[in-house]
Number of protein chains: 2
Amino acid sequence: MMSKAATTKKLILNKSLELIYKNGYQSTSIDEIIATTNVTKGAFFYHFKSKEEMGLAIINEIFFPTVIDGLVHPLEKVDNIIDEIYKMLHSILFDHSAFNIAYGCPVVNLVEEMSPVSESFRKALSRLLLRVQQALVTALETAQRNGQIRKDVNCKRVATFILSGYCGVRNMGKLFGKESYSNFLREIKFYLNQLK
Amino acid sequence: MMSKAATTKKLILNKSLELIYKNGYQSTSIDEIIATTNVTKGAFFYHFKSKEEMGLAIINEIFFPTVIDGLVHPLEKVDNIIDEIYKMLHSILFDHSAFNIAYGCPVVNLVEEMSPVSESFRKALSRLLLRVQQALVTALETAQRNGQIRKDVNCKRVATFILSGYCGVRNMGKLFGKESYSNFLREIKFYLNQLK
DNA sequence: TTACAAACATACTATTTAGTATGTTGGCAG
DNA sequence: CTGCCAACATACTAAATAGTATGTTTGTAA
């Protein structure tokens with residue numbers, strides 16, 4: 001059972017994330033957050049000493065666990081990595097109901113918006129993305145040792161490439177919708193199969 | 001020779017773009033723009049009836065010509081498309097001195113930030129990106145007719161994939177710097193060569 | 001030259017912003 | 001029970017914000 005205070009904090013974080021997902025971090029005001037949560041300003045600033053602290057809490061307390069559970073762990077024990085990466089991309093692009101194509105991916109959005117203007121955000125987000133990249137690299141290297149991937153493949157480069165594609169297609173989707181996603185998926189599948 | 005008024009307008013647009021590139025559109029205030037340009041508020045609102053109109057003018061009067069001249073036209077008459085696309089990506093990522101890795105690409109940034117929150121921006125930006133995509137598709141199709149690309153390649157999908165990769169690596173670069181760019185370039189080269 | 005509109009300048013406003021100061025309440029250790 | 005502090009609530013502030021109202025200047029057509 002979660003304490004009342006912890007519940008309030010979670011409520012603030014979740015609603016804030018929702019608003020930030022739709023409007024961006026800098027355009028989401030604390031007044032708007034407290035209005036939609038029915039939490040008072042006093043409560044907000046009791047839990048977070050500043051807006052920035054709240055933003056960083058979203059990264060560390062929501063993004064991190066979600067990404068670790070949803071991407072990093074699933075990549076750890078899998079026998080057919082190539083197929084699994086494709087499936088994961090497909091599933092994250094199409095199946096996740098929390099996502100809205102028009103709004104893209106909350107993590108990617110925050111990288112875009114905040115990493116150039118705040119070193120704290122950049123560091124927190126780069127830790128997160130590094131974690132995902134590392135998980136991909138490790139998985140690919142294992143597959144390489146098992147002979148599922150050619151020996152001359154540079155796993156780190158492949159990981160960067162996959163991540164880039166994912167970030168980018170979230171952007172394209174904002175303009176052109178689902179079609180971007182399926183086009184991307186078809187080509188990444190082709191690319192991934194060439195690694196075998 | 002440009003009229004004085006046209007010069008002022010250009011000055012506003014160029015400086016605004018600079019500020020938006022660094023801080024984002026919504027976080028760039030008109031007060032900041034007129035401070036750094038030494039243009040008065042009266043002049044600003046004489047040339048643009050609102051901040052949004054100025055933002056759209058950046059897309060239509062700066063992005064469009066730049067992209068048409070720098071990407072669309074170069075793609076029109078070229079004999080080795082695969083190599084040319086790679087060279088263009090390399091050059092746009094590494095050679096262009098107006099770009100700063102930490103800030104990404106101004107067009108991509110604006111897509112990320114504004115297309116979810118403003119239909120006018122979304123439309124203007126989607127026209128722009130569609131133009132680039134179409135140029136890629138046409139070039140690829142020509143190459144396909146000339147036998148430089150396999151017949152079973154879906155040119156539109158490839159174009160989407162390349163664009164996605166570009167958008168995405170601009171994002172990755174914000175976190176990890178140049179290394180993302182070179183990693184991306186190596187893999188896209190591999191991908192492109194598989195189309196032959 | 002002079003009229004007059006285009007091109008700018010200045011001063012203002014209503015709202016929104018993050019953050020603060022100063023309260024009040026509710027639960028539970030002693 | 002009671003004192004005390006975590007957990008909230010309310011009222012405020014100074015700065016920033018997009019935009020407006022009302023000017024003045026400047027080029028140029030007649």
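Order of the sequence lines sets the chain letters (A, B, ...), proteins ahead of strands, with each chain counted from 1.
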**Q** Do F184(A) and Y166(A) have ring centroids that are under 6.0 Å from one another?
**A** no
**Q** Could you tell me the separation between the NZ atom of K10(B) and the C1' atom of dA7(C), rounded to a whole number of Å?
**A** 19 Å
**Q** Would you indicate what K49(A) reaches in the nucleic acid, counting non-hydrogen atoms under 4.0 angstrom: base, sugar-phosphate, or nothing?
**A** nothing
**Q** Round to a whole Å and report the spacing from CD of E53(A) to P of dA18(C).
**A**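 Taking CD of E53(A) and P of dA18(C), I get 15 Å after rounding.
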**Q** With respect to the phosphate group of dC8(C), does any side-chain polar atom (N or O) of T8(B) fall under 4.0 Å of OP1 or OP2?
**A**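 Result: yes.
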**Q** Give the rounded distance in Å between these two atoms: CD of E52(B) and C1' of dT17(D).
**A** 16 Å
**Q** What is the distance, to the nearest angstrom, from the CZ atom on F48(A) to the P atom on dA18(C)?
**A** 14 Å
**Q** Should the heavy atoms of other residues, nucleotides or ligands under 6.0 Å from CD of E32(B) be counted, would the total exceed 12?
**A** yes
**Q** Does a distance-only test, which skips hydrogens and angles, find a donor-acceptor pair under 3.5 Å between the side chain of K51(A) and the base of dG19(C)?
**A**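 Under the 3.5 Å cut-off, the side chain and the base do not form any donor-acceptor pair.
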**Q** Would you jot down, in residue-number order, the residues of residues 19-37 of chain A having a non-hydrogen atom under 4.0 Å from DNA chain D?
**A**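 Those residues: none at all.
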**Q** Here's a test for you: under side chain to side chain contact (heavy atoms under 4.5 Å, CB included), which of I85(B), T138(B), T142(B), V137(B) qualifies with L75(B)?
**A** I85(B)
**Q** Which nucleotide in the set dA11(D), dT10(C), dA9(C) lies at the smallest distance from any side-chain heavy atom of K41(B)?
**A** dT10(C)
**Q** Between F45(A) (CZ) and dG19(C) (C1'), how many Å, whole number?
**A**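 It is 5 Å, rounded to the nearest whole Å.
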**Q** Rounded to whole Å, please give me the gap between CZ in F44(A) and P in dT20(C).
**A** 12 Å
**Q** Within the supplied structure, the quantity of interest is the number of heavy atoms (other residues, nucleotides, ligands) at a distance under 6.0 Å from K77(A) NZ; does it exceed 12?
**A**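 Open.
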**Q** Check this for me: K196(B), atom NZ, are more than 12 non-hydrogen atoms of other residues, nucleotides or ligands nearer than 6.0 Å?
**A**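 Buried by this count: over 12 neighbours within 6.0 Å.
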**Q** For F161(B) together with Y191(B), are the ring centres under 6.0 Å from each other?
**A** yes
**Q** To the nearest angstrom, how far is Y46(B) atom OH from dT26(D) atom C1'?
**A**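 Value for this atom pair: 12 Å.
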**Q** Would you mind reading off the distance between H47(A) atom NE2 and dG19(C) atom P, rounded to a whole angstrom?
**A** 17 Å
**Q** Under 4.5 Å between side-chain heavy atoms, hopping through other hydrophobics if needed: is there a path connecting I34(A) to Y46(A)?
**A**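 No: no chain of side-chain contacts under 4.5 Å links I34(A) to Y46(A).
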